[in-house]
Every structure is written in structure tokens, then in C-alpha cells.
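The structure under discussion appears below in the form of C-alpha cells.
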Amino acid sequence: MRHRTASTIVLGITAALALAGCSPSAAPTTPSGSDSAAQRPDDKGDTKQNAVPMTSAQLRERLLNVNDLGTGYTRKPDRPSGGDADVGVSGCPALDELGADAATGSGGGLDFPRSAKAAFAHSSGGEVTEELYSDAAGKLSDGTSRIFDAMTGCPSYQVLAGSTPIDITTQEIPAPRLGDERWSHLLTFSSEGADIVVKQTAIRDGSVLLIVSGSPALVDRHLDTALAKATATG
């Protein structure tokens with residue numbers, strides 16, 4: 001089955017689309033983990049359940065910028081809306097079903113109306129992307145859990161980005177003990193002789209959901225700063 005709008009099919013599919021245009025000689029990135037980590041809690045009994053969601057404009061003001069990141073970073077141009085390629089998912093029925101729901105507008109993807117996103121390239125060749133969403137805490141929790149559970153429930157599957165087949169393997173890893181709920185995994189994208197490892201960590205703090213993805217070392221380096229800026233008060 002083929003679906004439109006990659007961002008509503010799976011988290012991290014942007015990395016897969018980028019891989020389709022990368023050089024086969026690209027060197028794999030070595031993943032890094034966190035020693036002080038914890039999986040998301042089983043309950044959602046945080047004290048910020050009733051926090052008022054922020055607008056997209058407010059979220060954009062809380063995104064990291066090159067000054068926050070330090071030297072060697074440049075912001076990548078925003079992807080035009082509606083510019084994603086057709087994407088097919090095979091080998092993972094849960095993700096295929098999730099994509100169909102999102103594509104038909106009946107829910108299932110991270111299609112929260114209040115959102116902001118920024119992507120950055122580093123002079124080392126690494127990249128890091130930040131996404132912010134805001135909604136009722138329960139909606140953020142359920143939507144994020146559904147996607148992460150579907151992805152880690154399929155250790156390997158394939159997507160077809162345009163005419164390029166991309167093999168993906170997923171590995172759930174401990175997430176830093178931050179916020180009210182947290183999720184983290186490594187994704188390895190393999191295509192045309194190139195492997196790219198992407199780390200993706202999501203933190204829900206009240207009515208704000210932060211997702212940082214990209215080169216594992218850069219995700220680890222900037223996660224705390226991104227969360228502090230996204231959830232700052234006053």
C-alpha cells in the first residue's frame with residue numbers, strides 16, 4: 001500500500017528520504033547510549049496534565065537556533081509543505097496501518113495542529129532535527145506511544161521512498177530521565193551500500209512534546225538544552 005505525507009507515517013522517515021540522495025560511500029555513524037536512563041513510566045500521572053497547549057508561533061520561538069547550538073552549525077532550509085515523496089511500508093503491518101490512518105485524516109500519526117520544526121547541519125557532516133508539538137498531555141502521550149511502539153515492534157522493515165528501497169532496523173534504547181514520559185530508539189537506514197544510524201529521543205513534559213533526532217552524538221549533546229528552552233517559564 002502506498003501513502004502520502006511521510007511525516008505522518010513514521011517518525012524519522014525524513015532521514016530515510018535524505019538517505020536516498022546520500023553518497024554510497026557515507027561513513028556509518030556509531031551510536032552512543034546513556035548510562036543514566038529510564039524507560040517511560042507506565043502511568044501518565046504527572047502534575048501538568050491540564051497545562052494549556054502552546055500555539056505554533058510560541059513553539060517556533062522555543063526552537064533551538066544556531067546560537068544555542070554553538071559553532072559549526074547552519075540551519076537547513078525548511079521542507080516545503082506537501083513536498084514529500086510517495087512512501088510505501090512493507091514488512092510491518094502495524095506501521096502500514098498507522099500510515100493509512102494518518103493519510104486518510106482519521107488520526108494515527110503525529111498530526112498535532114500545534115507544531116514547529118528546525119533542522120541543522122554540522123560542519124562534521126552530522127545533522128540534528130528538533131520537533132516541538134503541543135496538545136493535551138494525554139493526546140501527546142497516546143500518539144507518541146502508538147508510533148514508537150509500532151516502530152520498535154518491527155525490528156526490521158522496508159520503505160520505498162519514490163523508487164528507492166530503504167531497509168530499516170530499529171532498536172529501543174533507554175531514554176534519559178527527563179520530563180514526564182520519554183521514548184528513545186536507534187534506527188539504521190540502509191540503501192545502495194550506505195548505512196546511516198539515526199537516534200531519536202522524544203520527551204513529553206506536560207503539554208509539550210520534544211523530539212530530537214539525527215546523529216547520535218549530536219542528539220545526546222543538545223537534548224537537555226532543547227528541553228530546557230522548550231519548557232522554560234516566564
Run the side chain to side chain contact (heavy atoms under 4.5 Å, CB included) test on R204 and T144 for me, step by step, so that the C-alpha distance in whole Å, both residues' side-chain angles and the decisive distance to 0.1 Å come before the verdict. CA-CA 9 Å; R204 184 188 65 79; T144 310; over 6 Å; no

Does a side-chain heavy-atom distance below 4.5 Å link S191 with I196? no

Over all heavy atoms of both residues, which pair between H122 and T71 is shortest? Give the atoms and the distance, please. NE2-O, 3.6 Å

Does E127 form a side chain to side chain contact (heavy atoms under 4.5 Å, CB included) with L218? I'd like the steps, not just the answer. CA-CA 7 Å; E127 296 187 2; L218 299 186; 5.8 Å; no

Nearest 0.5 Å, what's the OH-CG distance between Y157 and D167? 11.0 Å

Can you tell me how far the CG atom of N65 sits from the CZ atom of R60, to the nearest 0.5 Å? 15.0 Å

Hydrophobic clustering (ILVMFWY, side-chain heavy atoms < 4.5 Å, transitive) - are L210 and I173 grouped together? no

Is there a chain of hydrophobic side chains (I, L, V, M, F, W, Y, each step under 4.5 Å between heavy atoms) that links V212 to L227? yes

Side chains of R182 and T201: does their closest heavy-atom pair fall under 4.5 Å? no

Please indicate whether K139 has more than 12 foreign heavy atoms, meaning atoms of other residues, nucleotides or ligands, lying under 6.0 Å from its NZ. no

If you compare all heavy atoms of I203 against all heavy atoms of L178, which two are closest, and at what distance to 0.1 Å? CG2-O, 3.6 Å

Could you measure the distance from the CH2 atom of W183 to the CD1 atom of I211? Nearest 0.5 Å is fine. 8.5 Å

Interatomic distance, CG@L132 vs CZ@F112, rounded to 0.5 Å, equals 13.0 Å

Please name the pair of heavy atoms, one in H222 and one in Y73, separated by the smallest distance, quoted to 0.1 Å. NE2-OH, 2.6 Å

Which distance, rounded to the nearest 0.5 Å, do you find between the CG of L63 and the CD of Q58? 12.5 Å

Heavy-atom closest pair (P53 atom, A136 atom, distance to 0.1 Å) is CG-N, 4.0 Å

Please say yes or no: joined through hydrophobic side-chain contacts below 4.5 Å, possibly via intermediate residues, are L223 and L59 part of one cluster? yes

Could you verify whether a donor N or O on one side chain and an acceptor N or O on the other, from H185 and Q200, lie under 3.5 Å apart? yes

Heavy atoms only: give me the nearest R62-A230 pair and the separation to one decimal. NH1-O, 3.0 Å

Backbone of E172 reached by a side-chain donor or acceptor of T152 within 3.5 Å: no

Among the clusters formed by ILVMFWY side chains lying less than 4.5 Å apart, do L209 and M54 turn up in the same one? no

Minimal non-hydrogen separation, S134 against L140, with atom names: C-CD2, 4.3 Å

How long is the straight-line distance from CD of E130 back to CG of L69, given to the nearest 0.5 Å? 8.5 Å

Does V198 share a hydrophobic cluster with V128, counting links as ILVMFWY side-chain heavy atoms below 4.5 Å and allowing steps through other members? no

Selection residues 129-193 - residue pairs positive for disulfide bond (SG atoms under 2.5 Å apart), sequence neighbours left out: C92-C154

Just wondering, do K199 and S184 contact through their side chains at under 4.5 Å, heavy atoms? yes

